Protein chains: 2
Amino acid sequence: MRWASIGGMARPPTSQSPKAQHPSTPGTGRIDKRAAILDAAFQVFARDGYANAAVDAIAAAAGVAKPTVYNHFTDKQTLFREALAADAERALGRNLAVVQRLSDGRGELRSRLEDLGARLIECYADDRSVAVRRLLCAEASTFPEIHSEIREQTGERVVAALADRFAHLVLDGTLRECDPAQAAEQFEALLAGPMEHRSRSGSRKVSAAARRAIAKAAADTFIRAYAR
Amino acid sequence: MRWASIGGMARPPTSQSPKAQHPSTPGTGRIDKRAAILDAAFQVFARDGYANAAVDAIAAAAGVAKPTVYNHFTDKQTLFREALAADAERALGRNLAVVQRLSDGRGELRSRLEDLGARLIECYADDRSVAVRRLLCAEASTFPEIHSEIREQTGERVVAALADRFAHLVLDGTLRECDPAQAAEQFEALLAGPMEHRSRSGSRKVSAAARRAIAKAAADTFIRAYAR
DNA sequence: GCTATCTTGAACTGATGAGTTCAATTCAAA
DNA sequence: TTTGAATTGAACTCATCAGTTCAAGATAGC
């Protein structure tokens with residue numbers, strides 16, 4: 001019996017309440033396989049691009065037979081969407097956690113901003129994040145929906161969270177009167193822009209020292225422009 | 001006789017000193033055809049991506065037979081490289097022209113920067129420029145060389161030209177003592193970052209008013225941070 | 001054990017597309 | 001007008017790859 005091709009993802013009738021199906025040997029069991037496929041798919045897509053990625057290669061990388069892939073995901077498109085969404089979700093989580101830290105800092109504004117910048121840059125420079133952005137950009141015309149979905153739930157929300165923090169800093173008098181959303185957008189630009197430039201759009205590594213320097217420069221310019 | 005596949009591009013033995021071969025009816029003649037193919041190739045690549053672009057489609061769009069395409073360009077890769085390079089070259093030219101204008105401005109710093117910013121944003125938002133960046137990013141892993149070649153001769157040189165202008169402004173006391181290269185990098189980031197954000201990586205249009213606002217905000221922040 | 005579900009390998013189908021071949025034709029130049 | 005190079009359309013080769021099929025195992029729950 002085949003029960004794929006319903007709603008883009010297969011649902012095993014038995015796994016309606018699926019605990020760990022194979023707690024002893026990892027890699028066996030439906031869920032482990034599904035995760036392995038998603039992970040392998042992301043890596044292969046990141047390496048080869050959507051069009052060049054062969055489903056056989058993904059199956060091989062996941063240590064799984066090709067029909068198993070199609071048992072979990074209706075087709076290549078669905079697999080691509082879910083793999084990308086999963087990784088984007090992870091990236092978003094890290095970003096938001098970093099921004100959140102800004103709230104409970106008690107130190108001087110400069111050191112807090114430098115720290116925030118450095119951490120955001122770490123997220124930004126992360127290999128998987130770079131791959132997500134590249135794939136998103138590459139397939140923007142082929143998958144318009146995925147682009148809006150993911151991009152709005154990442155870049156968008158990070159800047160929004162940042163704006164929220166900045167709004168508080170305006171209220172407590174640390175920053176001058178200004179539009180927090182614009183300040184957030186610019187702070188992010190001061191980090192991402194030079195990184196983009198120096199990393200040649202992610203195709204080259206940027207040294208830790210250079211990354212730190214970018215964060216310091218961004219914080220400096222931001223403070224000159226926005227501190228009270 | 002076939003004389004393609006030598007050095008990536010075909011050279012007609014007869015056209016060693018080729019004037020206009022068909023001045024009356026445009027579209028005929030080797031050079032016109034070559035240009036038409038390059039242009040069509042860029043458009044199809046931009047629309048479909050490298051892998052999805054069919055050479056037949058390019059030939060059709062250029063109003064030319066498929067063997068003619070292969071008569072001018074050894075293979076799809078070469079065609080891609082040359083088409084992209086040609087368009088990147090054009091984009092670079094416009095950018096540099098805009099930056100050059102900054103030197104002969106006599107007005108107030110703010111209005112000069114706002115003007116510069118607005119013009120750079122126009123370049124940045126141009127459809128073909130967006131397409132170049134998208135393709136470059138998309139195929140960065142497939143064509144590492146093209147990426148470094150083009151990117152270094154565009155983003156790189158624009159920022160360098162900008163840095164040169166800023167160095168003069170430091171010397172004549174308009175800007176405070178600072179690293180002009182860093183100032184240039186940040187000014188560009190203050191323009192490109194928000195544009196990237198608002199246009200959702202080029203997938204959505206940004207209104208002229210919004211573009212103007214971004215330029216004003218960038219100039220404002222830059223002046224607060226760098227003006228003497 | 002028995003049964004239903006899931007996995008597997010391998011082979012297969014059908015589509016797509018790069019690059020070639022060729023005979024017929026157009027065209028510019030001499 | 002003649003000549004040689006360039007163009008054209010159409011058909012062809014060959015490779016790749018998405019997605020399927022199937023018969024033969026695993027595997028878990030009962």
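Predicted, not measured: the structure shown is a model, and the values here were computed from it. Naming convention: chains lettered A, B, ... in sequence-line order (proteins, then strands); numbering from 1 in each chain.
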Can you give me the closest heavy-atom contact between A:L162 and A:F187, atom names plus distance? CD2-CD2, 3.9 Å
Search all heavy atoms of A:S201 against all heavy atoms of B:H147 and return the closest pair with its distance. CB-NE2, 3.6 Å
Separation of [N] [atom2] from [X] [atom1] (nearest whole Å):
| X | N | atom1 | atom2 | answer |
| --- | --- | --- | --- | --- |
| B:F80 | C:dG19 | CZ | C1' | 19 Å |
| A:F73 | D:dG19 | CZ | P | 13 Å |
| A:N71 | C:dT7 | CG | P | 5 Å |
| A:I58 | C:dT8 | CD1 | C1' | 18 Å |
| A:D32 | C:dT7 | CG | C1' | 14 Å |
| B:K76 | C:dT16 | NZ | P | 15 Å |
| B:K33 | D:dA5 | NZ | P | 18 Å |
| A:D75 | D:dT20 | CG | P | 8 Å |

Measure from NZ or CZ of B:R133 to the centre of the six-membered ring of B:Y124, then state whether that distance is under 6.0 Å and the direction lies within 45° of the axis. yes
Is B:K66 side chain donor-acceptor paired with the C:dG19 base, going by distance under 3.5 Å alone? yes
What is the nucleic acid contact for A:A51, judged by heavy atoms within less than 4.0 Å: base, sugar-phosphate only, or nothing? nothing
Indicate, with a heavy-atom threshold strictly under 4.0 Å, whether B:A59 touches base, sugar-phosphate, or nothing. nothing
Can you tell me which nucleotide in [options] comes closest to the side chain of [X]?
| X | options | result |
| --- | --- | --- |
| B:D56 | C:dA18, D:dG19, C:dT8 | C:dA18 |
| A:Y70 | D:dT8, C:dT20, D:dG19 | D:dG19 |
| B:V55 | C:dA18, C:dT8, D:dA10 | C:dA18 |
| B:T68 | D:dG9, D:dA18, D:dT7 | D:dT7 |
| A:A65 | D:dT7, C:dT8, D:dA18 | C:dT8 |
| A:P67 | D:dG19, C:dT8, D:dT7 | C:dT8 |

So, OP1 or OP2 of D:dA6: does either fall under 4.0 Å of a side-chain N or O from B:H72? no
Side chains of A:Q77 and A:R81: do they bring a donor and an acceptor to under 3.5 Å? yes
Between B:G63 and A:N52, the residue closer to the 5' end of DNA chain D by nearest nucleotide is B:G63
Sole candidate of B:R94, B:R90, B:K205 that passes salt bridge (charged side-chain N to carboxylate O under 4.0 Å, His left out) when paired with B:D126: B:R94
